[in-house]
Undergrad: 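Here it is, the structure, as structure tokens.
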Amino acid sequence: MLAREHRLTKQKNFERIWKYGESFFIREIGFKILKNDLGISRFAFIVSNKILKKAVSRNRFRRCLREIVRKRLRGIKSGFDCLIIARPGIGELSYQELEEKIERILRKIKLLRD
RNA sequence: UGAGUAGAUCGGGUAAUCGCCUUUUAUUUUUAGACCAAAUUUUUAGGCCAAAAUAGCCAAAUAACUAAAAAUAAAAGGAGGAAAGUCCGAACACCAUUUUAUGAAUAGUCGCUAACAGCGACCGGGAGCAGUUCUGGAAACUAUUUUUAAACUAUAAAUUGUUUUUAAAAUAGGAUCAGAGCGAAACCUAGGGAAAGUGCCACAGAGACCAUACUAACUUAUAGUUCUAUAAAGUAAAAGGUGAAAAGUGAAAGGGUGUUCUUUUUUGGAAAAUUUUAAAAGAGCUACUUUUCUCUCUGAUAAGGUGACUUAUCAGAGUGGUAAACCCUAUUCGGUGAAAGGCCAAAUUUUGGUGGGCCGUUUGAGCUUGAUAGCAAUAUCAAGCCUAGAUAGAUGAUUACCUAGGGUAGAAAAUACCUGAACAGAAUUCGGCUUAUAGAUCUGCUUAGACA
RNA sequence: GGGCCUAUAGUUCAGUGGCAGAACGCCGCAUUCGCAUUGCGGAAGUCGGCAGUUCAAAUCUGCCUAGGUCCA
């Protein structure tokens, strides 16, 4: 679990990101990113009821995503709000595959520090 | 030992690293008195007015009062038997006002419970294993009897008698087979009322509940044409294949109606056969009716039981099914759901809002152990214990080892290798029900095999 | 957290407890030089699943499954 200062909690934050954020998608995962002035990067994870039926698997994938981001928290540039959205193919992926894919995306959108 | 079935309990473990939530403690720092909007800022357009919103900052300063807040570290604790479905019942809170209509729910009895469409015990019903009774059949075989053939004995011989054998028939027994009845235990059972009323019961059928109309038959009447048609009335014994269901459950005896057959007599006929009329006797079937027994229901009485009910006797009646169709009877029920609901202080300039904060909120119809009462559900008493509390939503991720179990190699055992745990995630809280569930352990019952 | 609805032929939908139906689509034949249109005929259904009530269930009752939708 991320510390509280790295979480997005408010309804307004979510609305702002949905409206003004930039999107990046691969088949299993989607990203939405927007700059903020805080000097800290904040994250939120969305796994909807339609994509995974059972609550156990929903919880599991949300925790996995969180864990992956947490491990890379030092390498990520600060000052961004980031929404990570699960898409229908995610049910068949293992933890390691997820890790690879997220790492590739982060490189691609240049969110990682040098 | 294996299989089936029912019930109860459990529902992987250890270590390391990196993290999250709650509580407590310690240290350091110094502020804090919820948040948001309106003032400020930014952007676009613009000459201004004006319009829009998106993070972030400050609600301008001061004093008083209150006492904590943040960071770091350590310790403790941190998902279920169903947390699920939301099918019932409650607690709790507010709103209405008194429980009446409407409506809804429940439905054998007694008990348990805070309550219940729940649970326990019992009653009734269903189906029916083991078993048992009856009926029918029955191979081989056994017994008895009869007949046939052969042998033996007695005898001169036949015959008779005895014994054994062969073949056949009959009777009885008979492994066993089929059908029917009763049927312990275990199993299933939304189980008031159809004799208050209404509705429905397709097709078929005369008729599906005021049954017996109609067809076919006979008599009478009318119309015309011998004969036919029509209509009504009467007689009316049997029959009318249906259907899930057919009107009072089956049996016996008597009376009795009609009809069929046989015999005898009689009539017509020249005679025989056949046939016609009438009568008598006998036999078969039989509407209807009487009596007795049986079946079902209702009522009364007696005995047993808290009661549902059971048993016995007597009297009466003979009425199709469906209430999971309407309905009737008895009992119970006010509505809305945590997004319920409550609080958020004072001064200076003021006002509004908020899915902002806190409480509600985890000590409870609580858990564990023991004793007592009870067939049991359950209750009482004693001792001990505190056991998740998140809110874009914690309880996690990775690695290593082990384990229940599974697979392969092996004749088997040992061993080696591979794999490595089902269903499933709290959201105010309880009591049930229902559904999903790998595997393990224990207990009861049934059954198969082996050994003693 | 709570309420409601739907499931019937390949598709879209009807369907009083008693024979499962319509339109489009599909197949065959005819018409045409050929295709379309048109006409005739045909096939295609565990009525979402499992139990129960009933003589009889797509329909009535209960429990599940899968979809959809509403409040907030």
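Chain letters run A, B, ... following the sequence lines, proteins first and then strands; every chain starts at 1.
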Undergrad: Calculate the interatomic distance between A:R66 atom CZ and B:U395 atom C1'; express it in whole Å.
TA: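 Value for this atom pair: 11 Å.
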Undergrad: Quote, to the nearest angstrom, the P distance that separates B:A323 from B:G193.
TA: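 Going atom to atom, P in each nucleotide, I get 11 Å.
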Undergrad: Which one is paired to C:A14, where only Watson-Crick or G-U wobble pairs with both distances under 3.5 angstrom count?
TA: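 Partner of C:A14: none.
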Undergrad: I need the CD-P distance between A:E67 and B:A394, as an integer number of Å.
TA: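 Interatomic distance, CD of A:E67 to P of B:A394: 14 Å.
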Undergrad: How bent is the helix from B:C20-B:G78 to B:G33-B:C65, comparing axes over its five end pairs at each side, to the nearest 10°?
TA: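 The helix from B:C20-B:G78 to B:G33-B:C65 shows an end-to-end axis angle of 60°.
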Undergrad: Tabulated below should be each protein N or O lying under 3.5 Å from an N or O of nucleotides 77-80 of chain B; please produce it.
TA:
from: B:A79; atom 1: N6; to: A:R63; atom 2: NH2; distance (Å): 3.0

Undergrad: In whole angstrom, give me the gap between the P atoms of B:G56 and B:A50.
TA: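 The answer is 28 Å between these two P atoms.
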Undergrad: How should the glycosidic conformation of B:A426 be described, syn or anti, under the criterion that syn lies within 90° of 0?
TA: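 Nucleotide B:A426 adopts anti.
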Undergrad: Report the distance from atom CG of A:L98 to atom C1' of B:U398, rounded to the nearest whole Å.
TA: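 Whole-Å distance recorded here is 14 Å.
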Undergrad: According to side-chain contact (heavy atoms from CB on, under 4.5 Å), who are the partners of A:R60, at least two apart in sequence or on a separate chain?
TA: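 Checked A:R60 against side-chain contact (heavy atoms from CB on, under 4.5 Å); matches are A:C64.
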Undergrad: Can you list everything that forms a side-chain contact (heavy atoms from CB on, under 4.5 Å) with A:I85? Sequence neighbours excluded, please.
TA: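 Testing A:I85 for side-chain contact (heavy atoms from CB on, under 4.5 Å), a comparison that skips the adjacent residues, returns A:W18, A:I46.
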Undergrad: Does the side chain of A:L106 come within less than 4.5 Å of A:F31's, by heavy atoms?
TA: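 Yes - at least one pair of side-chain heavy atoms lies under 4.5 Å apart.
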Undergrad: Rounded to the nearest 0.5 Å, how far does CD1 of A:I84 lie from CZ of A:R62?
TA: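 The CD1 atom of A:I84 is 13.0 Å from CZ of A:R62, to the nearest 0.5 Å.
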Undergrad: Pick the P atom in B:G420 and in B:A400, then give their distance to the nearest Å.
TA: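 B:G420 and B:A400 have their P atoms separated by 11 Å.
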Undergrad: Only pairs with both distances under 3.5 Å count, Watson-Crick or wobble alike; so what is the partner of B:A233 in this structure?
TA: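 The base-pairing partner of B:A233, which may sit in any strand shown, is B:U219.
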Undergrad: What's the gap between B:U306 and B:U301 when it is taken at their C1' atoms, as a whole Å value?
TA: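 Roughly 22 Å separates the two C1' atoms.
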Undergrad: How would you label the glycosidic angle of B:U235: syn (within 90° of 0) or anti?
TA: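 It is anti.
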Undergrad: Side-chain heavy atoms nearer than 4.5 Å, only ILVMFWY residues, links allowed to pass through others: does that put A:I68 and A:F25 together?
TA: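 Different hydrophobic clusters.
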Undergrad: Paired with B:G337: which nucleotide, if any, by Watson-Crick or G-U wobble criteria at under 3.5 Å for both distances?
TA: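 Result: B:C92.
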Undergrad: Side chains of A:L98 and A:K101: closer than 4.5 Å at any heavy-atom pair?
TA: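 Answer no - side chains too far apart.
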Undergrad: Who passes side chain to side chain donor-acceptor pair (under 3.5 Å) against A:R63, sequence neighbours left out?
TA: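 If we apply the side chain to side chain donor-acceptor pair (under 3.5 Å) test to A:R63, skipping adjacent residues, there are no hits.
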Undergrad: What integer distance in Å separates A:R62:CZ from B:U391:P?
TA: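 After rounding, the gap between these two atoms is 13 Å.
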Undergrad: So what's B:U398 paired with, Watson-Crick or G-U wobble, going by both distances under 3.5 Å?
TA: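 Looking at the geometry, B:U398 pairs with B:A16.
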Undergrad: Which value, in whole Å, describes the distance between the P atoms of nucleotides B:A338 and B:U322?
TA: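 Approximately 46 Å lies between the P atom of B:A338 and that of B:U322.
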Undergrad: In the structure shown, which nucleotide is the Watson-Crick or G-U wobble counterpart of B:C297, with both distances under 3.5 Å?
TA: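 By the stated definition (distances under 3.5 Å), B:G316 pairs with B:C297.
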Undergrad: Rounded to whole angstrom, note down the C1' distance from C:G67 over to B:A79.
TA: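 Comparing C1' positions in C:G67 and B:A79 gives a spacing of 31 Å.
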Undergrad: Provide the Watson-Crick or G-U wobble partner of B:G425, both distances under 3.5 Å; none if there is no partner.
TA: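 No nucleotide pairs with B:G425.
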Undergrad: Considering only the P atoms, how many Å lie between B:A379 and B:C116, rounded to the nearest integer?
TA: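 Approximately 15 Å lies between the P atom of B:A379 and that of B:C116.
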Undergrad: Ignoring backbone atoms, establish whether A:R60 has a side-chain N or O less than 4.0 Å from OP1 or OP2 of B:A424.
TA: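 Result: no.
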Undergrad: For C:U38, give its Watson-Crick or G-U wobble partner with both distances under 3.5 Å, or none.
TA: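 Base partner found: C:A30.
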Undergrad: Could you work out the separation of B:U163 and B:A143 based on their P atoms and round it to a whole Å?
TA: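 Here B:U163 and B:A143 have their P atoms 14 Å from each other.
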Undergrad: Need the pair for B:G56. Rule: Watson-Crick or G-U wobble, both distances under 3.5 Å, any strand; none if unpaired.
TA: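 None - no nucleotide pairs with B:G56, as no candidate has both distances under 3.5 Å.
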Undergrad: Could you tell me whether B:G248 is syn or anti, where syn means a glycosidic angle within 90 degrees of zero?
TA: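 That one's anti.
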Undergrad: For a quick test of reading the model: is some side-chain N or O of A:R58 closer than 4.0 Å to OP1 or OP2 of B:G393?
TA: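 Looking at the OP1 and OP2 atoms of B:G393, neither is under 4.0 Å from any side-chain N or O of A:R58.
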